[in-house]
Enquirer: 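One structure, pasted below without further comment.
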Amino acid sequence: MGSMDNTAKRLLQRLVRRIPSQMLKTTLDKWSRLTAAQRQSMDYTESKWALTEKLLAICEENELTVKHIAELEMIHVIENPNLGMWYVFQLMDPQDDAHSVELTQFKEQFKSHLSELIRHVSIKIKKHTDEAVWIRIAWGDTFSRPNHLKPTYVVHYLQTPYVFLTSPTSKQKPLLSQALVLSTRYQAIKDANLSGRKLTAIRDLLMKQYLQVFPTKFPSPLAERNCVVSNLHIEKEQAGSAANRHQMACEAFGDGILPQLQSAVYKLETKFRDHTNKTMTERDEPFKCVVKFASTNLLESLRHSASSGVASTPVTPLLSSVPLKGKNYFVITDNGPGPSSQMKPSQK
């Protein structure tokens with residue numbers, strides 16, 4: 001009988017703790033490491049502690065290693081993509097053959113490039129039913145074995161320039177970037193300034209998988225009159241202006257169900273302008289502050305604010321740039337002399 005190492009045991013214990021009992025059965029059924037009899041011997045009404053002990057015993061019996069337990073974790077993460085924090089990166093400058101890269105080629109290239117860059121690394125690649133390529137990376141370094149308790153997940157849809165990943169360290173990011181660029185046949189990769197807790201939401205936002213509304217001709221608001229108008233006219237004007245606001249709100253943010261973003265951050269780096277406050281106005285360094293909008297569904301909240309008249313229409317580019325540019329992190333800087341400001345993405 002084999003003996004599981006401590007990392008494998010800890011990873012399995014953490015997984016069973018994390019997966020709800022009613023979901024555990026379907027997750028284990030998708031994992032090909034247990035026999036039918038072993039799966040049937042599991043009693044999911046038992047406590048998490050008892051389930052963990054039972055699974056540990058089965059895995060010991062089957063002589064499973066940490067790599068096998070990592071497969072189980074991967075199944076759980078793929079089935080539940082909205083649990084962690086995801087960051088988006090964008091591939092730049094495709095080479096001529098970038099569009100023809102297929103899965104087998106990508107897998108081989110990615111594994112070989114990353115293994116050349118870092119001595120101890122464990123890479124598992126799996127294609128999901130929606131065409132997404134999922135990568136799980138456990139990082140080691142020159143002297144230590146891969147740490148399976150702190151993996152990085154990467155999701156890439158072949159033939160698109162977008163890469164979604166859970167936060168790698170500053171040491172891992174350049175290695176990952178280089179392996180991705182080489183294996184996808186692009187020439188560079190940049191931070192896309194978009195992040196969120198729901199992978200599906202940021203993916204739908206970038207790939208425009210929601211109902212977009214395009215400008216239409218609206219009759220201009222009724223001309224103001226000096227004479228007293230009847231209630232009917234007032235109601236008609238109000239209805240027209242409400243419809244106009246709703247149209248503008250939908251043009252800016254989309255219609256129907258919108259991708260569930262949780263926040264948008266605006267970092268202000270601009271000169272302070274107030275003639276009554278010379279101390280601040282005459283400072284050489286820019287005035288800095290950060291404004292954060294947060295909501296369970298930010299785009300829906302902004303659309304409602306514009307539609308109901310709480311926020312003014314037409315919608316300011318500061319807000320409409322979130323769906324338009326597919327970003328939720330902006331740096332606003334001075335655009336030369338004068339009071340105008342230009343919004344441009346962070347250079348971090």
Side-chain angles (χ1 to χ4, degrees), residues 1-84 86 102-112 114-115 120-140 145-158 164-166 183 199-200 203:
M1 185 185 285
S3 176
M4 286 174 78
D5 68 14
N6 275 338
T7 305
K9 287 178 182 174
R10 282 174 65 199
L11 189 57
L12 185 65
Q13 286 164 340
R14 200 168 69 174
L15 264 173
V16 179
R17 210 167 45 237
R18 204 194 299 169
I19 304 172
S21 295
Q22 67 273 21
M23 201 188 279
L24 193 56
K25 183 184 184 306
T26 54
T27 311
L28 290 174
D29 286 347
K30 285 174 186 160
W31 193 37
S32 59
R33 302 294 171 184
L34 307 187
T35 65
Q38 285 172 335
R39 289 201 305 271
Q40 280 158 17
S41 71
M42 298 287 296
D43 178 2
Y44 297 99
T45 61
E46 288 186 319
S47 68
K48 277 292 181 78
W49 182 84
L51 282 168
T52 306
E53 290 301 302
K54 175 77 176 170
L55 253 183
L56 278 169
I58 292 173
C59 292
E60 284 268 13
E61 188 186 323
N62 293 4
E63 300 188 2
L64 299 186
T65 66
V66 70
K67 285 189 178 181
H68 301 125
I69 312 299
E71 289 171 7
L72 182 64
E73 182 198 83
M74 203 167 181
I75 291 165
H76 172 62
V77 175
I78 291 174
E79 293 293 315
N80 300 276
N82 297 333
L83 294 176
W86 293 91
E102 44 77 49
L103 183 65
T104 311
Q105 186 187 349
F106 172 79
K107 275 169 89 164
E108 286 171 5
Q109 294 271 308
F110 183 83
K111 284 184 175 179
S112 85
L114 196 55
S115 304
H120 292 119
V121 65
S122 173
I123 307 159
K124 176 99 181 121
I125 299 179
K126 192 176 166 76
K127 194 172 188 185
H128 190 39
T129 46
D130 71 349
E131 297 301 301
V133 179
W134 282 74
I135 309 167
R136 181 190 190 271
I137 305 162
W139 304 89
R145 290 189 305 165
N147 182 356
H148 281 277
L149 297 170
K150 288 187 175 176
T152 297
Y153 274 90
V154 181
V155 178
H156 174 54
Y157 288 79
L158 292 174
F164 308 86
L165 56 143
T166 55
S183 53
L199 173 66
T200 49
R203 178 204 64 199

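Note that these values count all heavy atoms, side chains included, but never hydrogens, waters or copies made by symmetry. Counting begins at 1 with the first residue of the sequence.
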Enquirer: Counting only N and O atoms by type, is there a donor-acceptor contact under 3.5 Å from the side chain of T166 to the main-chain atoms of Y153?
Expert: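 Yes, T166 side chain to Y153 backbone: donor-acceptor pair under 3.5 Å.
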Enquirer: Which of parallel (below 30°), tilted (30 to 60°) and perpendicular (above 60°) describes F106 and H156?
Expert: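 If you compare the ring of F106 with that of H156, the planes turn out tilted.
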Enquirer: Does L72 offer a backbone N or O that forms a donor-acceptor pair with the side chain of R33 under 3.5 Å?
Expert: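 The answer is no, because no donor-acceptor pair under 3.5 Å joins these two groups.
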Enquirer: Is it true that a side-chain atom of R39 and a backbone atom of L34 form a donor plus acceptor pair closer than 3.5 Å?
Expert: yes
Enquirer: Between T26 (side chain only) and M23 (backbone N and O only), is there a donor and an acceptor less than 3.5 Å apart?
Expert: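 Yes, the answer is positive, given that a donor and an acceptor are paired below the 3.5 Å cut-off.
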Enquirer: Under the criterion side chain to side chain contact (heavy atoms under 4.5 Å, CB included), which of L64, L15, L12, I69 is the partner of L55?
Expert: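 The side chain to side chain contact (heavy atoms under 4.5 Å, CB included) with L55 is passed solely by L12 among L64, L15, L12, I69.
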Enquirer: Tell me if a side-chain donor or acceptor on W86 pairs with a main-chain N or O of R203 at a distance below 3.5 Å.
Expert: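 Answer holds: no.
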Enquirer: Check E79 with K30, please: is the shortest side-chain N to carboxylate O separation under 4.0 Å?
Expert: yes
Enquirer: Any sub-3.5 Å donor-acceptor pair from K48's side-chain atoms to R17's backbone N or O?
Expert: yes
Enquirer: Kindly say whether V66 contributes a backbone atom to a donor-acceptor pair with the side chain of D5 at under 3.5 angstrom?
Expert: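 Judged by distance alone, no pair lies under 3.5 Å.
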Enquirer: Return yes if some donor-acceptor pair links the side-chain N/O of R136 with the main-chain N/O of H148 below 3.5 Å, else return no.
Expert: yes
Enquirer: Is a side-chain donor or acceptor of H76 paired with a backbone partner of E73 at a separation under 3.5 angstrom?
Expert: no
Enquirer: Using side-chain heavy atoms (C-beta onward) and a distance below 4.5 Å, is I123 in contact with S115?
Expert: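 Contact flag for I123/S115 side chains = yes.
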Enquirer: For the backbone of M74 and the side chain of E71, can you confirm whether one donor and one acceptor N or O come within less than 3.5 Å of each other?
Expert: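 A pair under 3.5 Å: no.
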